[in-house]
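Atoms within a ligand are numbered from 1 in the order they appear, just like the ligands themselves.
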Amino acid sequence: MTDKSANAIDALYREVILDHHRDPRNFGSLENADAKVEGYNPLCGDRVEIAVLVKDGKLQECRFKGEGCSICMASASMMTEEVHGRTLPEVEETISGFRALMKGEECPLAVEGDLESLVGVRNFPVRIKCALLPWTTLNDAMKKAKEGE
Ligand code: ZN
């Protein structure tokens, strides 16, 4: 890959991240949530609240609120799209797959679409926590929802 095309891909990814940041999907409150969990990343100051609604063994709704950098907000927005409507084992798989991806480990998850744009974050170790915060918070929310069953 030449430098030029690498830059073009970077620009494309940046555009996808900014788009999610500007227009976050599934942003807002979830009144009938089974669990709500707040996550905080002191390194960057990102705050995110993840609310989940589980029904019939599926993650029926996943919404987020919060304030943070573009990486964190975009990651949260993409995550809610990714896990929406999935079965609970699928959600767990997606979370651990994304974690592996961010750590540069072998990833069992097929990373496609918008989520792919976050792969570049791996090159910036400080920002990995920003990208992971919504996912670790979702993981906690799923645990909490399970306990509340
Ligand atoms: Zn951040």
**Q** When you look at Lys65 and Ser29, which way does the side chain to side chain contact (heavy atoms under 4.5 Å, CB included) test go after all the steps?
**A** CA-CA 7 Å; Lys65 283 198 294 198; Ser29 313; 3.4 Å; yes
**Q** Can you see whether Ser70 engages His21 through a side-chain donor-acceptor pair at a distance of less than 3.5 angstrom?
**A** no
**Q** Which residues and atoms, counting only protein N, O or S, are under 2.8 Å from the Zn ion (ligand 1)?
**A** Cys44 SG, Asp46 OD1, Asp46 OD2, Cys69 SG, Cys130 SG
**Q** Would you say His84's side chain and Leu59's backbone share a donor-acceptor pair under 3.5 angstrom?
**A** no
**Q** Is a donor on one side and an acceptor on the other found under 3.5 Å between the side chain of Glu90 and the backbone of Thr87?
**A** yes
**Q** Using the six-membered ring wherever Trp is involved, compare the ring planes of Phe64 and Phe27 and label them parallel, tilted or perpendicular (cut-offs 30° and 60°).
**A** perpendicular
**Q** Please tell me if the side chains of Cys72 and Asn41 come closer than 4.5 Å, counting only heavy atoms from C-beta onward.
**A** no
